[in-house]
Amino acid sequence: MDLSYTPEEEAFRVEVKEFLAAELKPDVADKVRLGRGLSKADTEAWHAKLNARGWLAANWPAKFGGAEWGAAQRQIYEEEACAAYAPRTVPFGLSMLAPVLQKFGSKEQQDHWLPRILNGADWWCQGYSEPGAGSDLASLKCKAERDGDHYVVNGQKTWTTLGQHANMIFCLVRTDSDVKQQEGISFLLIDMDTPGVEVRPIILLDGTHEVNEVWFTDVRVPVENLVGEENKGWTYAKYLLTHERTNIAGVGFSKAALDSVKRVARVANDNGRPLISNPHFAGRIARVEMDLMAMETSALRIIAAAGAGEAPGLEASMLKVKGSEIRQEINDLSRRAVGPYAMPFASEAMEGSNQPIPDPFDVGDTAGDYFNNRKLSIFGGSNEVQKNIIAKVTLGGRR
Amino acid sequence: MDLSYTPEEEAFRVEVKEFLAAELKPDVADKVRLGRGLSKADTEAWHAKLNARGWLAANWPAKFGGAEWGAAQRQIYEEEACAAYAPRTVPFGLSMLAPVLQKFGSKEQQDHWLPRILNGADWWCQGYSEPGAGSDLASLKCKAERDGDHYVVNGQKTWTTLGQHANMIFCLVRTDSDVKQQEGISFLLIDMDTPGVEVRPIILLDGTHEVNEVWFTDVRVPVENLVGEENKGWTYAKYLLTHERTNIAGVGFSKAALDSVKRVARVANDNGRPLISNPHFAGRIARVEMDLMAMETSALRIIAAAGAGEAPGLEASMLKVKGSEIRQEINDLSRRAVGPYAMPFASEAMEGSNQPIPDPFDVGDTAGDYFNNRKLSIFGGSNEVQKNIIAKVTLGGRR
Amino acid sequence: MDFKLTEERQMLSDTLRRYLSDKYDTKTRNAILESDKGFSDEIWTGLAELGVIGALFSEDDGGFGGGGFDIAVVFEELGRAGVVEPMLDSAVLAGGALARIGNSAQKAHIESLIGGETQLAFAHAEPQSRYDLSDVQTVADTQDGAVLLTGRKAVVMNAEAADWFVVSAREGGEARDQNGITLFLVPADSDGLTIQGYPLISGGRAGEVTLDGVQVPESARLGMPGMAFPVIEEAMAAAVVAQLAETLGAMGTACELTQDYLVTRQQFGRPIGTFQALQHRMAEMLIEMEQARSAVINAAGHIGSDRVVRERHISAAKSLMGRIGRLIAEEAIQMHGGIAMTQEYELAHIAKRIVMADHRFGDQDFHLERFLDLSVA
Amino acid sequence: MDFKLTEERQMLSDTLRRYLSDKYDTKTRNAILESDKGFSDEIWTGLAELGVIGALFSEDDGGFGGGGFDIAVVFEELGRAGVVEPMLDSAVLAGGALARIGNSAQKAHIESLIGGETQLAFAHAEPQSRYDLSDVQTVADTQDGAVLLTGRKAVVMNAEAADWFVVSAREGGEARDQNGITLFLVPADSDGLTIQGYPLISGGRAGEVTLDGVQVPESARLGMPGMAFPVIEEAMAAAVVAQLAETLGAMGTACELTQDYLVTRQQFGRPIGTFQALQHRMAEMLIEMEQARSAVINAAGHIGSDRVVRERHISAAKSLMGRIGRLIAEEAIQMHGGIAMTQEYELAHIAKRIVMADHRFGDQDFHLERFLDLSVA
């Protein structure tokens with residue numbers, strides 16, 4: 001056991017700092033820091049810079065051009081990138097579809113789609129959830145019927161994050177309704193420019209437009225866009241979900257957010273003293289910081305144990321729950337810290353959103369972030385689903 | 001709405017104070033305050049004094065010689081009695097069996113047993129739980145078979161509180177095994193001096209002997225000791241359980257215990273200041289006190305709404321849960337307050353329990369009380385069972 | 001002791017609930033939320049006609065209520081429907097201060113307020129003051145019969161719609177002294193009074209109010225110079241009772257919506273309300289609701305008590321509600337899942353009302369500390 | 001960074017676990033609990049023969065370990081079995097202080113300690129000091145070559161069995177000054193040293209130690225006069241790591257027992273582990289276990305770091321364990337129900353070990369405040 005960084009790891013941290021100093025534009029960092037939505041162009045530009053540096057496919061296997069970062073490297077990059085308020089990479093192609101294609105896709109699919117993820121030719125989004133299929137994902141109804149060398153897709157997906165930017169969507173579709181739910185699902189890649197695909201915005205409670213409904217009406221998809229075997233999609237979906245959770249702890253985000261809370265608490269006046277001198281508020285900060293110190297080590301342990309490219313199982317569910325709890329607690333502290341000035345608010349969707357809003361602590365919309373991040377315990381397999389998994393695995397073996 | 005006490009209520013408080021000043025012996029109050037077990041004689045003497053004053057049957061209907069106290073009177077007595085560290089009355093006869101006899105017992109049973117509860121001729125204990133029937137009480141197996149004008153009882157009861165002092169036990173027994181569990185249960189009164197009754201002590205984790213196992217081997221019980229109808233015992237049992245919960249909020253206990261915590265915190269040294277000046281400890285006290293202030297009003301509202309003699313339903317379950325949570329939190333604070341001196345301990349069951357144990361704050365065995373009172377959320381229908389009830393009632397109606 | 005509502009209060013409560021369920025559904029309210037004005041004149045007038053505003057004032061002031069439970073009954077219903085109209089700020093806070101300290105001439109505005117024709121705003125808090133009621137740096141400078149007000153007021157609710165402002169300013173004492181603070185009644189169209197308005201995340205609008213040498217006559221002074229603090233504290237206590245009751249109503253709606261969703265939403269082939277983990281969490285929400293209701297009763301019932309008793313109950317209830325409110329809002333959203341994250345679903349607005357209530361009049365930590373101070377006092 | 005145990009440590013851990021599962025079942029341990037001595041010489045010797053005590057000291061001091069993870073590995077296994085033998089107090093605390101500050105003559109006792117022949121006790125805390133390491137009022141008065149010790153030491157673990165005491169006393173400075181505290185090595189049979197012994201609720205025995213002009217030679221002084229505080233803090237840090245690991249082991253047992261009970265205990269015709277409310281609470285316990293394990297790793301891994309870094313991790317881990325330990329002990333008992341309330345059931349003792357750990361070396365509030373002080377430092 002050794003908790004200290006090796007010289008190589010420290011050297012890598014310097015590399016990362018230099019990269020961020022050189023490549024991260026202040027206006028983009030400000031948008032990230034203040035929680036203002038990044039434009040599609042902002043995100044694409046950042047992907048391009050990371051790709052040029054060879055760090056976009058940081059967690060991909062080498063044989064697909066990946067950097068195969070270890071636990072320490074991942075953690076160092078995440079920590080530095082979050083501290084500098086660099087944009088987060090869009091995970092749908094990089095960390096969700098790619099692992100599936102790499103494990104289950106055909107040579108042709110790998111050769112065609114993987115490079116396009118890195119070079120930005122495609123922006124992927126995810127077609128999993130449906131209005132009637134949330135936690136119970138396997139009950140999905142969106143149908144794909146074979147017609148010659150095409151599938152004809154009809155149905156609806158929802159909670160499709162950044163679908164408004166995407167040109168491609170990977171979908172779980174029902175290709176057999178006569179078998180056990182899990183056995184009639186296939187994994188399909190769909191071009192969103194195909195006739196019959198319609199994207200409708202969903203406005204969230206903080207007024208942001210980040211998720212969408214995607215409707216499919218007689219959408220014709222070439223059979224070569226089927227990943228793996230027909231009706232084996234559930235296997236691929238579960239594989240994807242464990243990968244989706246590997247970075248869910250969000251240690252870097254939490255550290256940066258907690259630093260921001262402390263910064264505000266040092267300047268905010270509370271009964272004639274700095275808020276940070278209020279023992280009850282300071283106690284809240286300390287408790288979450290202690291939790292974060294522990295979870296950072298948990299995340300490192302778990303990723304290290306799982307090994308490069310591999311996805312941890314049970315522990316990933318634990319990290320997902322604790323990671324979301326910690327981030328949500330910090331979001332609570334950050335709105336709490338600004339006091340009455342958490343109330344002023346102009347939503348993207350609202351008239352006059354361009355009018356100036358007082359932000360004396362220069363932190364952006366802390367209340368909006370708090371409400372928006374309630375999603376952390378809901379999406380990507382709700383915390384309840386994660387607890388079901390943990391109980392099933394840990395109690396199941398004993399029966 | 002009016003939260004202030006009427007002149008009549010204030011006058012009653014004076015009466016109670018005077019009674020306690022006159023009747024409560026200091027050595028007995030000290031035993032209660034320090035959590036030392038009361039002798040059987042201590043308890044019987046206190047019952048006698050309350051009975052002489054007409055306050056033993058405080059909640060009984062008038063026609064059975066009860067005082068029919070209202071919500072305010074009950075709360076005033078409880079508050080003053082707890083503040084003075086008066087013994088609590090033993091509930092098994094007074095508040096558990098009596099309501100059942102008064103509602104379902106025969107005239108003969110009422111005339112015979114009720115006076116004996118008040119005059120102390122009988123000490124009752126409860127034969128409900130069995131090793132295999134805890135939360136799932138209806139699965140009880142203790143069997144009673146009719147043989148002429150007797151029932152022959154075989155089986156085991158457990159968690160029988162103060163069974164070592166009792167001469168009578170009321171039992172739920174199975175009189176029909178061929179029907180739905182709830183429909184084969186009868187309510188039987190058993191003389192513990194009958195041959196075949198054996199009481200075995202259970203030592204709790206704090207070393208106290210307050211509960212027992214009671215074993216029945218071919219115990220012959222006269223049929224006139226059957227309460228109500230054969231196989232209708234489950235109805236009576238449920239009626240009893242709601243009554244058992246009416247005083248479960250324990251507002252008086254919590255107020256007295258919290259005062260004791262504050263007293264210790266004012267004198268205990270913590271880093272060169274009184275512990276009560278430690279904002280984190282003070283915050284714990286304040287949070288539980290706020291909860292207690294609210295629950296006191298809840299208890300008054302609920303009892304007032306339910307009306308004299310009546311047992312509240314859903315709300316009783318809510319009070320049981322919140323009341324036990326608050327008492328357990330205060331028990332946590334009281335062991336926390338004494339710091340390292342919470343560790344010295346001599347259990348009743350242990351050798352050398354008579355050796356002197358340092359108690360610099362004169363509070364008795366705070367850690368033992370903490371562990372012992374974990375029972376509050378387990379017995380009398382566990383908090384999980386209460387939550388099941390609440391969910392069933394509140395969601396049931398909507399389906 | 002008595003825990004029953006009077007017939008009059010029960011009637012008012014029933015009438016108000018009926019009116020709002022007819023006139024204030026989610027769609028209507030969300031349209032109001034996105035309107036430029038931020039509230040509806042029609043609803044305001046409607047509420048006035050129902051006597052809702054009158055119920056918040058004593059008979060001496062031309063109303064027919066004004067007690068703690070009058071306020072609680074009204075605001076629980078307003079909260080249940082997520083009403084964003086500025087009843088608390090116009091009537092309880094500004095109007096309440098006026099009723100407590102104004103002379104007969106000044107009180108004349110209460111009549112038109114009760115009638116629904118006048119809007120008031122309470123301009124007290126400042127950019128630096130956070131939740132500290134005595135932190136007033138706005139100064140009132142009196143020169144031959146005229147008073148000049150200079151300073152900045154922060155997040156003033158209803159600022160843009162107000163016809164009159166009740167403005168606090170210092171006529172003596174140091175910053176954060178309780179002594180030396182005076183209230184003034186200031187016309188909204190005064191020269192030198194400017195408003196930077198903006199919407200609020202939980203609905204309605206507020207503004208940063210700048211007083212740049214605003215001139216008012218001495219007759220604009222409410223009460224004696226420098227003696228206003230006790231009045232501010234009393235008006236705040238009434239406002240806290242109103243906000244607590246409003247939040248309680250909103251919490252009730254959050255629970256109702258969640259209970260309905262639990263029995264209707266199907267996953268894994270059964271209503272999610274059949275899953276015991278959710279059942280127990282729902283039960284815990286309802287148990288805390290009882291605590292919250294009792295805390296509101298304690299606060300409303302002691303609004304007429306001596307300062308320490310009154311403020312101790314106010315701070316206990318406010319702190320408790322901050323804690324329970326967050327629990328209920330977060331649990332309601334979590335048990336709903338994604339649907340509760342969408343702006344068009346009723347719970348989204350209700351949850352925001354509940355959570356953001358902790359950002360006015362002192363949050364749970366502020367009142368925890370205050371409760372401790374009052375307890376040793 | 002590297003999160004794997006060395007082979008030697010893994011072997012020691014496995015051997016110790018096997019030994020305790022053979023020799024230290026509930027019945028044996030409960031008999032030890034009720035014995036007059038409060039621990040078993042046979043077990044103590046057994047542990048010494050296994051090399052458990054040696055693993056807690058460096059090779060320079062005649063051991064073969066002494067690092068943070070050596071301590072953690074040993075104590076997690078001791079905690080798993082609820083061992084009450086005075087390993088922490090005799091070896092880590094008193095022995096550790098001796099190893100850090102003693103001269104070669106004084107260190108001679110470490111060899112017999114490692115061999116299992118000598119018992120030590122650390123007499124530092126006093127009736128007034130609670131958790132404050134610098135609050136020492138016992139005085140050391142030196143007159144021509146002899147030192148007179150006068151004062152009272154509180155809840156001194158292993159006092160009755162100890163052959164030697166490591167006693168802290170003040171040779172300068174004010175009460176609560178860090179400077180001026182000295183450690184002395186005092187024979188248990190010294191004149192004027194009296195012990196009032198008693199059992200402890202979580203097992204083992206302690207005593208109130210009175211020093212009434214106990215006379216020792218100057219050669220009994222450990223290190224320089226008045227300079228012992230840093231040594232005391234370091235020894236305490238090692239003791240906290242030991243106690244944290246012990247508590248972690250006990251928490252692991254509490255979880256194991258609960259998981260087994262959930263799948264075996266039948267109610268309502270099914271294992272109670274099939275009820276989702278209990279499943280989720282079990283999952284939450286296991287999630288917190290991961291947090292606790294990482295906190296212990298952080299503390300053990302920084303035991304050699306500079307003071308502020310070391311103590312910050314120590315206080316963070318101690319405070320976190322206080323919080324999580326209580327959760328796990330209470331949830332384990334609650335999910336068991338009545339059976340866990342009985343003295344004869346293993347969980348009863350394990351839960352007491354977990355909860356009472358928060359009463360030594362500073363509880364979760366003490367270390368929360370300390371963590372805050374160290375964070376601004």
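Residue numbering restarts at 1 for every chain, and letters A, B, ... go by the order of the sequence lines. Everything numeric in this text was worked out from a predicted model, so none of it was measured.
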Legend entry - Region of C:L368 that comes under 4.5 Å of a non-hydrogen atom in chain B: both
Inset, instruction - Determine yes or no for a side-chain-to-main-chain donor-acceptor pair under 3.5 angstrom, with B:Q328 supplying the side chain and B:R374 the backbone. - result: yes
Legend entry - Check ion pair C:D132-C:R176 (N to O, under 4.0 angstrom): yes
Inset, instruction - Could you look at C:E284 and say if it's the side chain, the backbone, both or neither that has a heavy atom under 4.5 Å from chain B? - result: side chain
Legend entry - For chain C, the option from B:E9, B:R287, B:E296 that forms the most heavy-atom pairs under 4.5 Å: B:R287
Inset, instruction - Would you check if the side chain of B:N278 reaches a backbone N or O of B:F281 as a donor-acceptor pair within less than 3.5 Å? - result: yes
Legend entry - chain C contact residues among residues 262-274 of chain B, heavy-atom distance under 4.5 Å: none
Inset, instruction - Verify, without hydrogens or angle tests, whether B:E68 (side chain) and B:A62 (backbone) share a donor-acceptor contact under 3.5 angstrom. - result: yes
Inset, instruction - To the nearest 0.5 Å, tell me how far C:I328 CD1 sits from C:R323 CZ. - result: 12.0 Å
Inset, instruction - Please state whether the side chain, the backbone, both or neither of B:N388 comes within less than 4.5 Å of a heavy atom of chain C. - result: both
Inset, instruction - Please confirm whether the backbone N or O of B:V288 pairs with a side-chain atom of B:D291, one donor and one acceptor, at under 3.5 Å? - result: no
Legend entry - Residue B:E384 versus chain C: region with a heavy atom under 4.5 Å: both
Legend entry - Basic-acidic side-chain contact under 4.0 Å: C:R130, C:D135: no
Inset, instruction - Please flag which part of B:S4 lies under 4.5 Å from any non-hydrogen atom of chain C: side chain, backbone, both or neither. - result: backbone
Legend entry - Part of B:L300 within contact of chain C (heavy atom distance under 4.5 Å): both
Legend entry - residues 286-296 of chain C: residues contacting chain B (heavy atom under 4.5 Å, by number): C:L286, C:I287, C:E288, C:E290, C:Q291, C:R293, C:S294, C:A295
Legend entry - Main-chain N/O of C:T274 paired to C:R270 side chain as donor or acceptor, under 3.5 Å: yes
Inset, instruction - Would you check if the distance from the ring center of C:Y131 to the ring center of C:H367 is below 6.0 Å? - result: no
Inset, instruction - Any chance you could lay out the side chain to side chain contact (heavy atoms under 4.5 Å, CB included) test for C:E233 and C:E311, step after step, and finish with the verdict? - result: CA-CA 9 Å; C:E233 204 175 46; C:E311 294 301 326; 3.8 Å; yes
Legend entry - Between CE on residue B:M318 and CD1 on residue B:I302, distance to nearest 0.5 Å: 8.0 Å
Legend entry - Aromatic ring pairing B:Y77/B:W69, orientation class (parallel under 30°, perpendicular over 60°, tilted between): tilted
Inset, instruction - Please look at C:Q276 and chain B and tell me whether the side chain, the backbone, both or neither of the residue comes under 4.5 angstrom of a heavy atom of that chain. - result: side chain
Legend entry - Donor-acceptor contact below 3.5 Å, side chain C:T253 vs main chain C:R80: yes
